[in-house]
Every structure is written in C-alpha cells, then in structure tokens.
Amino acid sequence: MKYIKKHAVLIFFLIEALVIGFFQTLGNTDRLWNYVFAENIASGLLPYRDFNLLQTPFSCLVNAVFLTIFGHHMVVMDLLGAVLFTLICMRLFGLCRELGATSVVSMIIPQVFLYLFCYNVFFEYSCLILFLQLSLLSADLMALRRQKARWDRPLYQTALGAAAGLAILSKQTYGLFVAGASWLGCLYTSVCLKKSKKETGILLSARTVGIMLPCFCFLFYLLITGTFADFWDMAVAGISTFTSKYSYLELAQESWGDLFACVGAPILIFASLILGVRRRKELYGQTLLVILLYGAGGLINLYPLANAYHFATTVIPFLLLIPALLPPSLWQKRPVCLLGGTAVAAALCFLVVHIPYDVTSGNHLCTTLDQYEGVFISNSTEEDILEVTAYVQDQQEDGMTVYILDNRAASYFLPLHQYHKYYDMFLLGNLGTTSPQELLEEACQEDVIFLVPNSEKQEWQYPRSAVNALKKELLYAGSVGDFDVYRTKG
C-alpha cells in the first residue's frame with residue numbers, strides 16, 4: 001500500500017508539472033537563453049569560445065544531450081524541466097514525510113514550489129541546483145534521524161560530493177556555496193552521530209574528493225579545448241561588469257504578498273536558529289540546524305538580484321522548517337488534514353485548469369518555426385519573428401551582416417540557425433571584459449546593419465549609452481518590426 005501511495009503521488013506531481021511545462025509562452029527570456037545555450041552546444045559550438053555563457057555549463061550540456069536525441073525543439077527542454085520539477089516535488093514530499101507530516105499535508109510545500117515557478121518550467125541551472133541541494137540535505141538529514149549505515153561509506157560520501165560538484169558546474173557562485181554547505185553538513189552530521197576524528201576525517205575527505213572530481217573534469221575539458229582563457233574572461237573576470245542590482249527591500253515593496261514573504265522568511269529562520277541552538281543536543285535542534293545550514297548555502301542567489309525568482313529558489317529549503325518546528329501530532333488532527341487537502345485541491349485547479357486557460361486565451365501552438373514547434377505563441381510575436389527574419393535573410397543575401405542589439409535577438413536568429421557571439425546577448429555582464437563600445441567599433445569595420453529596439457523598450461543590463469553613441473555615427477534606414485534600422489555609412 002505504501003508503494004502504491006508513493007507512486008500515486010509521483011504521478012500526481014508529474015501530471016501537474018507536465019501541464020504547466022507544456023502551457024508556456026515565448027515571453028520568458030531566461031527560457032530563451034537557456035535553450036539557445038543548449039542549441040549551440042548541440043550544434044557543435046563550444047561554450048565561452050563560440051558563444052558567450054556567463055555560468056558553468058552543466059545544465060546546458062544536459063539539455064543539449066536531449067535536444068540531440070529528440071530534436072532541436074524548445075518543448076524538449078520544457079518537458080525535461082517538468083521531469084526535474086517532479087523530482088524536486090518528490091524530494092520535498094519525502095522530506096516533509098520524514099519530518100512527521102501526513103501524506104496530504106506533505107503535498108503542500110511541493111504545491112507551493114510549483115505555484116511559485118509555474119511560468120518558469122524548463123530545465124535550467126537554478127532549479128537543478130535546488131534539486132541537488134535538497135538531495136544533499138535529504139541524505140544528511142536521513143542519516144541524522146535514522147543513522148543509516150550507508151552514510152558511513154566513503155564511496156557514498158564521494159557520490160554525495162559529486163552531486164555538490166555538479167552544482168558548481170551548473171552555476172559557479174550558487175553551486176559553490178551549496179557545495180560548501182554540503183561539506184559543512186557532512187562535518188556537522190558526523191559530529192552529531194558521534195563519529196571519531198578519524199571517521200570524520202575519512203568522510204570529509206571522501207566528500208571533498210567527490211566535489212573535486214566534476215570540477216577537475218571540467219578544468220581538463222577547458223584545457224584540452226583551449227577555452228580556459230575564454231571561460232575566465234566570461235565567467236570569472238567578466239562578472240564584475242554586471243551592474244544591475246535589486247535589493248531585498250525593493251522586492252518587499254512590490255506587493256503585499258512579497259512583503260509578507262520577505263518579513264515572514266527571516267522570522268521563520270531566526271526563530272528556528274534560536275530553537276536549534278538551544279536544543280542542539282537533541283534530534284529536534286539538530287534537524288533544524290541541518291535545514292538552516294543547507295538553506296543558508298543558497299542565500300547567495302539573492303545577490304545582486306533579489307527578485308521574485310531568486311527569492312523563490314532561496315526560500316524553498318527554508319519552508320521545510322515549518323514541519324520541522326511543529327509537533328508531528330499536529331499534522332494528524334482532522335482540521336489540519338482537511339485544510340491541507342483543500343490547499344492541495346486549490347493548487348491543482350490553478351495549475352491544471354487556470355494556467356492552460358490563461359495561456360491558450362491569447363496564444364496558439366506554433367507550427368511555422370522549427371525550434372518553436374509545440375510552443376504557445378501569440379499572433380503578434382509570430383508575425384514579428386517572421387517579418388524580422390525575412391528582412392535579415394534579404395539583407396544577408398545582399399552581402400550585409402545584420403546584428404540585432406536586443407536581449408531577444410536569439411529568438412529571431414534561431415529560425416535562421418545563426419548565432420553571433422556577444423551581439424545576440426548584448427548585455428552588460430554577458431560580454432566578458434570587452435566593453436560594449438569596443439565590440440560595436442569592431443562590428444563597424446565592415447558593412448553592417450544594426451536593428452536597435454526603440455527607446456520605450458526597457459531591458460536589464462542593456463548598454464544603452466554605448467548604443468545611443470553608435471547611432472549617431474550610423475545612417476538611419478527606417479524600421480522593421482519593433483526595431484529601428486541603422487547601417488554603416490561606408
């Protein structure tokens with residue numbers, strides 16, 4: 001019966017994730033960029049050398065493998081994301097059950113996760129790191145609460161370390177802090193289990209080896225392909241050129257819901273920390289401290305952009321403090337179970353009824369553009385892409401090079417199977433250490449047409465001053481779609 005229930009929950013979450021993964025529109029630029037990264041790798045381009053990539057490439061590589069197998073279509077990445085989201089839900093469900101919540105109540109936090117990310121269901125690095133973070137937390141927490149024998153095996157610790165290493169290879173900053181939390185989690189769990197210094201040293205060494213293995217493999221790849229300098233310029237030195245900031249206080253002022261979340265999260269964390277320290281010699285306190293430790297590892301994702309998406313990835317592990325804080329007997333009470341069942345049913349209706357209705361009311365399934373087949377798109381967006389791509393093709397046939405200086409440039413070049421390093425993601429923080437002015441001057445050495453978004457369009461990190469200076473040196477040649485057309489005077 002327990003086996004059936006577990007698989008019934010898995011099917012429940014999978015259906016929800018597949019629905020919200022399928023019913024998405026083309027408006028999400030993060031989704032576009034993640035697809036382009038994978039598309040480029042699947043097409044034989046090397047990260048950093050052939051296209052600009054700000055983070056480490058593991059999630060892009062996973063997507064590229066599936067695109068190679070199932071075809072170069074964005075919907076492949078979306079459905080792969082639905083599988084990832086299902087795994088995250090199951091991990092959250094299992095942790096809630098371990099902390100004493102009933103099956104119905106244990107479904108609430110996974111539903112919260114799906115609600116927070118319902119318009120961002122695709123396979124990308126933040127949620128991949130979240131899954132690895134929750135998996136590492138689960139391993140240490142289960143060992144602490146059940147004292148599982150396999151946790152003591154160096155090979156098992158090496159495998160856990162490898163998972164932390166893959167987090168680093170998914171995004172260097174976020175993943176590094178999660179890996180650091182994993183190392184400290186191993187140390188703390190070992191101390192709580194009263195392991196000897198020798199045993200603790202062996203376990204820590206094994207987890208460290210596991211963390212380093214994927215990192216060394218990546219380093220060897222960079223050296224063998226001769227792309228280490230490109231990687232350093234783009235993903236290490238170039239990070240300093242990222243100028244946008246969005247503070248926690250700014251997020252709190254967006255809406256009443258954001259204010260409640262931004263105030264409630266610190267209260268939950270500090271209350272748990274006080275109780276954890278006071279009862280650190282008991283399993284109750286140790287459980288709280290392990291959750292806090294892993295949650296703290298993800299806080300780096302709030303800097304420098306503490307927007308709603310980054311806050312959501314950060315807060316999910318901390319939600320496990322709620323079932324950990326409250327007594328298991330509370331979850332058995334009939335009113336709590338009824339309330340939990342109502343919340344789950346309401347979330348189900350929102351995810352599988354409202355979202356499909358919302359997406360289909362103004363969009364249709366694309367059938368005219370290869371990479372976007374199976375993706376919902378509005379008539380205006382499809383017409384805009386077709387118009388701009390037709391214009392680009394005509395100009396290229398006349399021997400002109402066309403650059404689209406816009407954060408959605410790739411959406412127009414994808415149907416043409418083209419990518420222009422730097423220019424198709426012409427944003428501060430994505431250009432390495434080369435300045436926007438240098439890149440524009442270099443481009444103008446030949447006959448070039450630039451498509452520039454109109455002044456009303458707002459974009460994060462857009463080097464507008466450099467683009468405005470460029471326009472003064474070019475000839476205005478009309479407009480196409482949402483772009484003004486400028487060409488060199490040669």
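All values below come from the heavy atoms of this structure, side chains included, with hydrogens, waters and symmetry mates left out.
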For [X], I'd like to know if atom [atom1] has over 12 heavy atoms of other residues, nucleotides or ligands within 6.0 Å.
{"X": "Y246", "atom1": "OH", "answer": "yes"}
{"X": "F177", "atom1": "CZ", "answer": "no"}
{"X": "I69", "atom1": "CD1", "answer": "yes"}
{"X": "Y476", "atom1": "OH", "answer": "yes"}

A side-chain contact here means heavy atoms from C-beta on lying under 4.5 Å apart; do [X] and [Y] qualify?
{"X": "D78", "Y": "F123", "answer": "no"}
{"X": "C60", "Y": "E124", "answer": "no"}
{"X": "D447", "Y": "T401", "answer": "no"}
{"X": "Y372", "Y": "L26", "answer": "yes"}
{"X": "L46", "Y": "Y221", "answer": "yes"}
{"X": "Q172", "Y": "I239", "answer": "yes"}
{"X": "R487", "Y": "F450", "answer": "no"}
{"X": "Y486", "Y": "L475", "answer": "no"}

Looking only at non-hydrogen atoms, find the nearest pair between [X] and [Y] and report the distance.
{"X": "L67", "Y": "E39", "result": "CD1-N, 3.8 Å"}
{"X": "C366", "Y": "E382", "result": "SG-OE2, 4.1 Å"}
{"X": "I129", "Y": "S170", "result": "CG1-CB, 3.7 Å"}
{"X": "L470", "Y": "C444", "result": "CD1-SG, 3.6 Å"}
{"X": "V388", "Y": "G481", "result": "CG2-CA, 4.4 Å"}
{"X": "C215", "Y": "L169", "result": "CA-CD2, 4.3 Å"}

Once you measure the plane-to-plane angle for [X] and [Y], does it fall in the parallel (<30°), tilted (30-60°) or perpendicular (>60°) bin?
{"X": "F231", "Y": "F228", "value": "tilted"}
{"X": "F483", "Y": "Y412", "value": "perpendicular"}
{"X": "F51", "Y": "F37", "value": "parallel"}
{"X": "F70", "Y": "F66", "value": "parallel"}

Would you check if the distance from the ring center of [X] to the ring center of [Y] is below 6.0 Å?
{"X": "F23", "Y": "F376", "answer": "yes"}
{"X": "F58", "Y": "F218", "answer": "no"}
{"X": "Y174", "Y": "Y125", "answer": "no"}

What is the distance from atom [atom1] of [X] to atom [atom2] of [Y], rounded to the nearest 0.5 Å?
{"X": "L405", "Y": "L439", "atom1": "CG", "atom2": "CG", "answer": "10.0 Å"}
{"X": "S182", "Y": "L136", "atom1": "OG", "atom2": "CG", "answer": "4.5 Å"}
{"X": "D482", "Y": "D406", "atom1": "CG", "atom2": "CG", "answer": "8.5 Å"}
{"X": "R49", "Y": "M234", "atom1": "CZ", "atom2": "CE", "answer": "14.0 Å"}
{"X": "L53", "Y": "T56", "atom1": "CG", "atom2": "OG1", "answer": "8.0 Å"}
{"X": "L414", "Y": "L32", "atom1": "CG", "atom2": "CG", "answer": "6.5 Å"}

Okay, side chain of [X], backbone of [Y]: is any donor-acceptor separation there less than 3.5 Å?
{"X": "H310", "Y": "L305", "result": "yes"}
{"X": "T200", "Y": "S196", "result": "yes"}
{"X": "D233", "Y": "T433", "result": "yes"}

With side chain to side chain donor-acceptor pair (under 3.5 Å) as the test, would you mind laying out the steps for R145 and T287 before giving the verdict? CA-CA 8 Å; R145 294 173 66 86; T287 297; 3.1 Å; yes
Show, in sequence, the C-alpha distance, side-chain angles and deciding distance for V448 and Y403, and conclude whether the side chain to side chain contact (heavy atoms under 4.5 Å, CB included) test is met. CA-CA 7 Å; V448 174; Y403 294 122; 3.5 Å; yes
Could you go through Y309 and F117, starting from their C-alpha distance and side-chain angles, then the distance that decides it, and tell me whether this counts as ring pair (Phe, Tyr, Trp, His ring centres under 6.0 Å)? CA-CA 8 Å; Y309 182 82; F117 292 87; 5.4 Å; yes
Chi angles and distances behind the side chain to side chain donor-acceptor pair (under 3.5 Å) call for N120, N28: CA-CA 8 Å; N120 292 276; N28 189 326; 2.8 Å; yes
Set out, in order, the CA-CA distance, both residues' side-chain angles and the distance that settles side chain to side chain contact (heavy atoms under 4.5 Å, CB included) for L293 and L137, then state yes or no. CA-CA 9 Å; L293 175 61; L137 166 60; over 6 Å; no
Pairing donors with acceptors under 3.5 angstrom, does anything connect the side chains of N301 and T313?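 Their side chains do contain a donor-acceptor pair, which is all the 3.5 Å distance test asks for.
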Are N307 and Y248 close enough that a side-chain donor and a side-chain acceptor fall under 3.5 Å?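 Side chains of N307 and Y248: no pair found under 3.5 Å.
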Worked verdict on S378 versus T381 for side chain to side chain donor-acceptor pair (under 3.5 Å): CA-CA 5 Å; S378 67; T381 299; 2.8 Å; yes
With side chain to side chain contact (heavy atoms under 4.5 Å, CB included) as the criterion, how do V467 and F426 come out once you've worked through the C-alpha distance, each side chain's angles and the decisive distance to 0.1 Å? CA-CA 10 Å; V467 174; F426 197 66; 4.0 Å; yes
Sidechain N-carboxylate O distance under 4.0 Å for D140, R207: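 Yes, this pair counts.
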Any carboxylate oxygen within less than 4.0 angstrom of a Lys/Arg side-chain nitrogen, looking at D152 and K195?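 Here D152 pairs with K195 in a salt bridge, since their nearest N and O are under 4.0 Å apart.
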Side chain to side chain donor-acceptor pair (under 3.5 Å) for N363 and T25? Distances and angles first, verdict last. CA-CA 8 Å; N363 303 279; T25 67; 5.4 Å; no
